[in-house]
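Contents: one structure, followed by commentary.
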Amino acid sequence: MNGLEEPVLSVRNLNKQFGPGCPYCQQTQSTKMIKNYCQVCGTVYACKDVSFEVYPGEVLGIVGESGSGKSTLMQCLYFDQDVTRGEAYISTYQNGERNLFQESAQAKRYIRNHMMGKVYQNPMLGLRMNFSSIGNIAEKLIAAGNRQVGMMEERGTELLNKVNIPVHRRKEAPKNFSGGMQQRVQIAKALSNHPPLLLLDEVTTGLDLSVQASVLDLIKSLQRELGISIVLVSHDLGVIRMLADRTLVMLEGKVIEQGLTDQILEDPQAKYTQQLVHSLL
Ligand SMILES: Nc1ncnc2c1ncn2[C@@H]1O[C@H](COP(=O)(O)OP(=O)(O)OP(=O)(O)O)[C@@H](O)[C@H]1O
Ligand SMILES: [Mg+2]
Ligand SMILES: [Zn+2]
C-alpha cells in the first residue's frame, strides 16, 4: 500500500438490516436496542456503515465477536444477500466506476464468477457434497462460460494439486473427505477463474489445530504465489495475526477500529480490541 495504488475493492457505507425497522430503533440513541437488536420490532442491524478498501495483493483481516456482522458483510459482498444500502466497487469491473450493488442480477453473476471466489465456514454451503471434487471446480468454470471438457479437467487437476488434494482422489465426492480436505476443495474452487479477490469466512474454524495450521499455511503460500487480494474473516485473532496485513475490528455491526495488524496487536485503541488482544496473550 503506497497511496498511489488503486484499491481492488472499495466498500462505502454498507448497511444490512434484517427486519423492517420501526420508529424506536430508527432514533439515534434508542433505548429499545440491545446491542444491534431492536426489542420492539425485532430488527437486527447486522452491518452499519461499514467502509473499507482492499489493496492489490493485500490480506485484510476482519475480526469480531459472534454476531458482529462479519458473515453478513461477506454475504453482501458475494451477493448472497442484498444490502439495505451502500456501495462497493471492484477495480477490474467497469474501471471501478459502477456500484456493484446496483448492477443487474446477470451482471452480479458475472462479477461473482469472474472477480471473486468465496470459501464458506460451512463447506455444505460452498460445495455440492455428492458431486465429484473436480466436478465442483468444473461447476464454477462452467458458470464463467467455459465449455471445453478437456481444458476443465486439466484446470481442475492443476487446482486440486495446488491445494494438496491427491490427484487420484479428484473424482471422489467431498462428502468422503475430511474437514480440512473439504476446505481445500473449496479453496481450489474459489481460485478456479483467477479472481482478483478471495473472500474467506472462518475457513479454519472447527478444524483441529494441526489441520488449521496446514490450511492457513496453504492460504499464505497461495496468496504469495498468486498475489491475490484476500478478505479473511475470523473471530480468532491468532488466525488474523498469522495472515492479515491490515485488520478491521467489528463490534455490533460497526467497524470500531482499523489499521495495520501489527499496530492493532501492539497498541489496540478501542476497549473491545484491548480485551481481544489481552485474551490472546
Ligand atoms: N438471515 C438472517 N435473518 C435474520 N437475522 C440474521 C440473518 N443472518 C444474520 N442475522 C443476524 O445478523 C447478526 C450478524 O450475524 P453474522 O452471521 O453476520 O455474525 P458473525 O459476525 O458472522 O458471527 P459468527 O462469528 O458467530 O459467525 C446476528 O445477530 C444474526 O442473528
Ligand atoms: Mg460468521
Ligand atoms: Zn425497531
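Only heavy atoms go into these numbers, but all of them, side chains included; no hydrogens, no water, no symmetry mates. Along the sequence shown, residues carry numbers from 1. As the structure lists them, so they are numbered: ligands from 1, and atoms in each ligand from 1. Because the structure is a prediction, the values reported are computed rather than measured.
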Val44 backbone acceptor or donor facing Asn36 side chain under 3.5 Å: no
Electrostatic pair Lys271-Glu257, nearest N-O below 4.0 angstrom: no
Angle, SG of Cys38 through the Zn ion (ligand 3) to SG of Cys41 - 10° precision: 110°
SG (Cys22) to the Zn ion (ligand 3) to SG (Cys25) angle, given to the nearest 10 degrees: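 Rounding to the nearest 10 degrees gives 110°.
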Any side-chain heavy-atom pair from [X] and [Y] closer than 4.5 angstrom?
X      : Y     : value
Ser234 : Val63 : no
Cys76  : Cys47 : no
Asn15  : Asp49 : yes
Tyr272 : Glu65 : yes

Just list the N/O pairs, ligand 1 to protein, that are under 3.5 Å apart, with the distance for each.
| unit_1 | atom_1 | unit_2 | atom_2 | d |
| --- | --- | --- | --- | --- |
| ligand 1 | 18 (O) | Ser71 | N | 3.4 |
| ligand 1 | 18 (O) | Thr72 | N | 2.9 |
| ligand 1 | 18 (O) | Thr72 | OG1 | 2.6 |
| ligand 1 | 19 (O) | Gly69 | N | 3.4 |
| ligand 1 | 21 (O) | Ser68 | N | 3.2 |
| ligand 1 | 21 (O) | Ser68 | OG | 3.4 |
| ligand 1 | 21 (O) | Gly69 | N | 3.0 |
| ligand 1 | 21 (O) | Lys70 | N | 3.0 |
| ligand 1 | 21 (O) | Lys70 | NZ | 2.8 |
| ligand 1 | 22 (O) | Ser71 | N | 2.9 |
| ligand 1 | 22 (O) | Ser71 | OG | 2.9 |
| ligand 1 | 23 (O) | Gly67 | N | 2.8 |
| ligand 1 | 25 (O) | Lys70 | NZ | 2.8 |
| ligand 1 | 26 (O) | Ser66 | OG | 2.5 |

Geometric class of the Tyr78/Tyr120 ring pair [parallel <30°, tilted 30-60°, perpendicular >60°]: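 Ring orientation, 0 to 90° scale: perpendicular.
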Under 2.8 Å from the Mg ion (ligand 2) - protein N/O/S, by chain and number: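 For the Mg ion (ligand 2), the protein N, O and S atoms that sit under 2.8 Å away are Ser71 OG.
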Residues Gln269 and Asp267: side-chain donor-acceptor under 3.5 angstrom: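 Indeed, the side chains of Gln269 and Asp267 share at least one donor-acceptor pair under 3.5 Å.
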Test item: side-chain donor near acceptor, Tyr93 and Glu103, under 3.5 Å: yes
Nearest-0.5 Å distance that lies between atom CG in Asn193 and atom CE in Met115: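 Asn193 atom CG to Met115 atom CE measures 10.5 Å (nearest 0.5 Å).
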